[in-house]
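Just so it is clear, the model here is predicted, and its values are computed rather than measured. Protein chains get the first letters and strands the later ones, always in sequence-line order, with residue 1 at the start of each. Atom set for the values below is all heavy atoms of this structure, side chains included, hydrogens, waters and symmetry mates excluded.
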2 protein chains.
Amino acid sequence: MRFHSPSIQYFHAVRRTGSIRAAARVLNVASSAVSRQILKLEQEVGSPLFERNARGLTLTTVGEMLARHVMNVLQDLDRFRSDVASLSGAWSGTVSIACIESLTESVLPDLIASHRGRARRVSFTTEVKGSSDVLEALSRGEADIGIAMALRHPPDLRQVALKRFRLGAVVAREHPLARRKTVTLEQCLAFPVINALPELSIFHLLQPLIAQLPETPEPAIQANSIDLMRELAARGVGVAFQTQLGINRLSRDSRLVFLPLDNAGSPVWSDLGIYVRAERTLPAYTESFLQELVRELGDRERRENTAYPPTP
Amino acid sequence: MRFHSPSIQYFHAVRRTGSIRAAARVLNVASSAVSRQILKLEQEVGSPLFERNARGLTLTTVGEMLARHVMNVLQDLDRFRSDVASLSGAWSGTVSIACIESLTESVLPDLIASHRGRARRVSFTTEVKGSSDVLEALSRGEADIGIAMALRHPPDLRQVALKRFRLGAVVAREHPLARRKTVTLEQCLAFPVINALPELSIFHLLQPLIAQLPETPEPAIQANSIDLMRELAARGVGVAFQTQLGINRLSRDSRLVFLPLDNAGSPVWSDLGIYVRAERTLPAYTESFLQELVRELGDRERRENTAYPPTP
DNA sequence: CGGGTTGATGCCGTTTCGGCAACAGCTATA
DNA sequence: TATAGCTGTTGCCGAAACGGCATCAACCCG
């Protein structure tokens, strides 16, 4: 089912790989064929699409415009294919997800497992990235659904939902703070803390708050893995911070205690956004999973706000 | 700039014309070429796209799915083209509008005239239809912007805005009702009325109200042209009904008086919707005009609600 | 029962496409 | 500085796809 000119498929491959020869390898054709199709495209558009650097190709402004169009075409072709397939009962396809690490410990595995229990023919590809990388992967068409910190998102993305979870400290059960109901940042900083590196979204949440404090103590440990940070906290190394998305896992882990964080008397929120390319209609199976994801995150948001109600 | 397979262009032409030979004439190619491309498409999709009737071709279910995809592709190609063109300063293109008759007397001509004053290179195509035909033309990709009565719209259309205007009676200045501030339906029906035919949206607004009345008098005249109905009213033939969109024109026309209609003590609203295909990004020049249209209709809505405030 | 459609097919010249090999330009490494 | 390895581009040629012409079978309407 390949009823689009080879040009746009070749263009798409070249854009992704950044090189004509690499694209040719992926496409299993000769590089000369790819080169010619690109030249023909440029002649028809009437403007160069790539800047030829010695090390490969980079999109020009017009090239980026065409890339957007080609992405729209190919993604909509995917949707059409899946629509036709679902007509004959074959509900199959691959959902590609890009998300930040907070989701990996329970939300995503739970959801994927349950979804595959019902729809065996739908497979998943997930990639964990930093928030801005998630949005970029979505823009570049490398993922269908993105979950990231709700920062400013580019106009070519659509925010499907916005859920807020409370940020908190994670300490070992024996930690002096462990018996409190909530903690403030000052109270945490009295102890060794395990700080997130800038790649993690927690960094960008805590950084402005720490900057407001009169003194900025040296962090004991810095890391870029939430898992590692939590394991360090469990061993009593210090205070870690994370959004309370792993409420199930944490409550099962008897070594750890989650303490909602307060700042100037009000909770510290971590806003999670679910994103999708705006100029796109999702295939039915992707849309279905997206709805489940939104519902599940809504449920967790509600559940945690009752478990840890905002201090008045 | 034709970088899509001939297949999809041919398919698009066949869908619009409903015949292979007619499509071939439009495309300036031999009918055999068109026939072969369609057959190839069907082979690649793995399912027939048209039902061959003796008199022409009709889309199958799969064919309609492909039609949707092809429409998305071609409309997005248009947008891409205009984006590239606007990069080199050429802000040009054609905005295609389908709307109901109420717009023709002042809203649309005013707006188009003023827009063309600023953007000389943007041309317009407008087609007046009934509300359901407007929506259908939009769905079939034959118009960019649709303005119609806000009924239930198909899911492939997006309602950009919803504006409500007051429905009223139009009578000659010498008419016995002309001195009133507002009128009720009963008061109007005491006189000869000029009824709208079902093709006009006014029919669908008034019909349910008339059906509620104890007695349904014979209409004096039925017509399917708002213009004609208004001219008849000006000659004292009877009471006409219309939405108060031509406030400028009516206030200039000294022969006529507009009387807001009340029913059971509350105004009778005529909801006007502005529609666009959902799975589509508009070219910049179309988007620009759309914004002006929404703003203008919003202005009129506000102006008329102050001119004729709802009776409390 | 013919005259007008309709879409489909066989044949054939033209166009396009893709693979192979060679080329020039650049970078990194020896 | 020379060389090996990479890049994209270009001639050449065979293969595949496309389009035009003429023809055919099926259908509708008068």
B/Glu64, CD atom: more than 12 neighbouring heavy atoms under 6.0 Å | yes

Value in whole Å for how far the P atom of C/dG19 lies from CG of A/Asn28 | 9 Å

Would you name the heavy atoms of B/Glu279 and A/Asp76 that are closest together and state the gap between them?
-> OE1-OD1, 4.3 Å

Phosphate OP1/OP2 of D/dG8 contacted by A/Ser19 side-chain N/O (<4.0 Å) = yes

Using a cut-off of 4.0 Å on non-hydrogen atoms, how would the nucleic acid contact of A/Leu57 be classed: base, sugar-phosphate, or nothing?
-> sugar-phosphate

Tell me: CD of A/Gln9 to C1' of C/dG18, nearest whole Å?
-> 15 Å

Is the base of C/dG25 touched by the side chain of A/Arg52 through a donor-acceptor pair closer than 3.5 angstrom?
-> no

A/Ala54 has its side chain closest, among C/dT27, D/dT23, D/dC27, to C/dT27

Take the protein atom CD1 of A/Ile20 and the nucleotide atom C1' of C/dC23, then report the distance between them rounded to whole Å.
-> 15 Å

Roughly, in whole Å, what's the span from CD in B/Gln43 to C1' in D/dA16?
-> 14 Å

In this structure, are over 12 heavy atoms from other groups packed under 6.0 Å from A/Gln43 atom CD?
-> no

With sugar-phosphate meaning primed atoms plus P, OP1 and OP2, does B/Phe50 contact a base, only sugar-phosphate, or nothing at under 4.0 Å between heavy atoms?
-> nothing

Would you say B/Lys40 reaches D/dC18's phosphate, i.e. side-chain N/O to OP1/OP2 under 4.0 Å?
-> yes

note: A/Leu39, atom CG; D/dT10, atom P; distance rounded to Å ~ 6 Å

Take B/Arg25 and A/Ser7, find for each the nucleotide of DNA chain C with the closest heavy atom, and name the residue whose nucleotide sits nearer the 5' end.
-> B/Arg25

At under 4.0 Å, does any side-chain N or O of B/Tyr10 touch on OP1 or OP2 of D/dG19?
-> yes

Can you check the A/Ile38 CD1 to D/dG8 P distance for me, whole Å?
-> 10 Å

D/dT9 phosphate, OP1 or OP2, under 4.0 Å from A/Ser35 side-chain N/O | yes

Whole angstrom is fine here: how far is it from CG in A/Leu41 over to P in D/dT9?
-> 12 Å

Could you check whether the rings of A/His115 and A/Phe124 sit parallel, tilted or perpendicular, using 30° and 60° as the cut-offs?
-> perpendicular

Checking only heavy atoms, does the side chain of A/Arg36 share a donor-acceptor pair with the base of D/dG11 at less than 3.5 Å?
-> yes

Answer yes when A/Glu142 and A/Arg15 have at least one side-chain N-carboxylate O distance shorter than 4.0 Å, and no when they do not.
-> no

Specify the separation, in whole Å, of atom CZ of B/Arg21 and atom C1' of D/dA25.
-> 12 Å

N or O in side chain of A/Gln37 less than 4.0 angstrom from C/dT16 OP1/OP2 = no

